[in-house]
Amino acid sequence: MAIQKLFAVCFLQLVFAFLLAGLTNAGGLQLGFYQRACPDAELIVHQTLYRYVSRDRTLAAPLLRMHFHDCFIRGCEGSVLLSSTKNNQAEKDAIPNKTLRGFNVIDAVKSALEKKCPGVVSCADILALVARDAVLMIGGPRWDVPTGRRDGRVSIANEALFNLPSPFANITVLKQQFAATGLSVKDLAVLSGGHTIGIGHCTIISNRLYNFTGKGDTDPSLDPRYAAQLKNKCKPGNSNTVVEMDPGSFKSFDEDYYNIVAKRRGLFRSDAALLDDAETRGYVKFQSMTQGSTFAQDFAESMVKMGYIGVLTGEQGEIRKHCAVVN
């Protein structure tokens, strides 16, 4: 009997080991992918990024957003980093990406890696690692990033224009867009929490404030007192002013976003939309009532999941020498 029990335990451990290995190598990615070819890769990313974020914490939000925007178009393969050419307008120049910044940071990280390990680390992996470390540097969770992504060679502005989740989107459209990439409704609620950092431009919310249905009205889903505050900052036609996504702590990664959304103070229509679905509304209220008890872990898990969307591995794609141009 003892031998049978021992055999059963060993068998279960073996099964678990195989399952763990399968998860680690799912999609051709794996933890420690650069361990032999560039063992200091993640350290170089972290140290280079720190020089920027330590001086300007507001960089974390656009760098996180850049990874998100990359993964939702053609997968996590660095296409958002490519510059337009004479014959092609790239994703970078699509309207939703016009406010992205931090490309110089990605270039600096790539340059440092090329000096140490030329032609080894992809721009797509740099984006994934930078997003993780940027969140960590401003108080957010850390997660292990499986690497091994390769870089795509195609970047088309119209794909970003029509397929990126919009700040104007309703819950039905948001759920459809997330489902199309293999992400769940819970992932939608979790990843929306990334709006705990960063800013929004007045032009994006002007319609909510001044002409929601075309009759000079304000979006009724927006808390009236908060709407009044926003109107003081965002006058009609104002295109330069920005407002904090998470007033008071927009430079720190925390769970306060859900308190704001629960109070009907989400800045974008897409934030307010989380209250229009039972599952996303339940998640918002749970995090608000429990001071974000599971948000850090949930965010880490959803970011890892997002990082697998449409990856290129093996002999697919290339390893760009410069992130803005194909080889």
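The structure displayed is predicted, hence computed values, not measured ones.
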**Q** Identify which one of Gln47, Gln35, Arg132 satisfies the side-chain hydrogen bond (donor to acceptor under 3.5 Å, both in side chains) criterion when paired with Glu42.
**A** Arg132
**Q** Who passes side chain to side chain donor-acceptor pair (under 3.5 Å) against Ser79, sequence neighbours left out?
**A** Glu77, Glu91
**Q** Could I get the full list of ring-ring contact (aromatic ring centres under 6.0 Å, His included) partners for Phe68, not counting sequence neighbours?
**A**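 Counting only residues at least two positions away or on another chain, Phe68 forms a ring-ring contact (aromatic ring centres under 6.0 Å, His included) with Phe72.
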**Q** Using ring centroids (six-membered ring only for Trp), state whether Phe286 and Tyr258 fall under 6.0 Å.
**A** no
**Q** Indicate whether the side chain of Asn104 and that of Tyr52 have a donor and an acceptor atom separated by less than 3.5 Å.
**A**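 Looking only at side-chain atoms, Tyr52 and Asn104 do not form any donor-acceptor pair under 3.5 Å.
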**Q** Give me each pair satisfying disulfide (SG to SG under 2.5 Å) with a member in residues 213-286, each pair once, sequence neighbours excluded.
**A**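 Every disulfide (SG to SG under 2.5 Å) pair that includes a residue of residues 213-286, provided the two are not neighbours, is Cys202-Cys234.
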**Q** Sequence neighbours excluded, which residues qualify as salt bridge (Lys or Arg N to Asp or Glu O under 4.0 Å) partners of Lys116?
**A**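 For Lys116, the residues satisfying salt bridge (Lys or Arg N to Asp or Glu O under 4.0 Å) (neighbours in sequence not counted) are Asp40.
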**Q** For residues Ser83 and Lys92, is any side-chain donor paired with an opposing acceptor at under 3.5 Å?
**A**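 There is such a pair (donor and acceptor under 3.5 Å, judged by atom type) between the side chains of Ser83 and Lys92.
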**Q** Under the 4.5 Å side-chain heavy-atom rule for ILVMFWY, direct or indirect, which residues accompany Val326?
**A** Leu82
**Q** If you look only at pairs with a residue in residues 46-63, which of them pass as a salt bridge (charged side-chain N to carboxylate O under 4.0 Å, His left out), with sequence neighbours excluded?
**A**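 Sorted pair list: Asp56-Arg101.
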**Q** Could you pull out all residues at least two apart from His195 that satisfy ring-ring contact (aromatic ring centres under 6.0 Å, His included)?
**A**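 Testing His195 for ring-ring contact (aromatic ring centres under 6.0 Å, His included), a comparison that skips the adjacent residues, returns Phe268.
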**Q** Please list, chain by chain and in numerical order, all residues satisfying salt bridge (Lys or Arg N to Asp or Glu O under 4.0 Å) with Asp276, sequence neighbours excluded.
**A**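 For Asp276, the residues satisfying salt bridge (Lys or Arg N to Asp or Glu O under 4.0 Å) (neighbours in sequence not counted) are Arg269.
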**Q** With sequence neighbours left out, which residue pairs that include part of residues 311-327 fulfil the salt bridge (charged side-chain N to carboxylate O under 4.0 Å, His left out) condition?
**A** Arg153-Glu318
**Q** So which pairs with a foot in residues 164-175 pass salt bridge (charged side-chain N to carboxylate O under 4.0 Å, His left out), sequence neighbours left out?
**A** Lys175-Asp277
**Q** Got a sec, which pairs hit salt bridge (charged side-chain N to carboxylate O under 4.0 Å, His left out) with one end in residues 232-245, sequence neighbours left out?
**A**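 Of all non-adjacent pairs touching residues 232-245, none passes salt bridge (charged side-chain N to carboxylate O under 4.0 Å, His left out).
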**Q** Quick one: is the NZ or CZ of Lys263 closer than 6.0 Å to the six-membered ring centre of Tyr226, and within 45° of its axis?
**A**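 Judged by the rule (NZ or CZ under 6.0 Å from the ring centre, within 45° of its axis), Lys263 is not positioned above Tyr226.
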**Q** Is there a donor in the side chain of Arg208 and an acceptor in the side chain of Ser221, or the other way round, less than 3.5 Å apart?
**A** yes
**Q** Applying side chain to side chain donor-acceptor pair (under 3.5 Å), can you list everything that pairs with Asp144, at least two apart in sequence or on another chain?
**A**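 Partners of Asp144 by the side chain to side chain donor-acceptor pair (under 3.5 Å) criterion, ordered by chain and then number, come out as Arg142.
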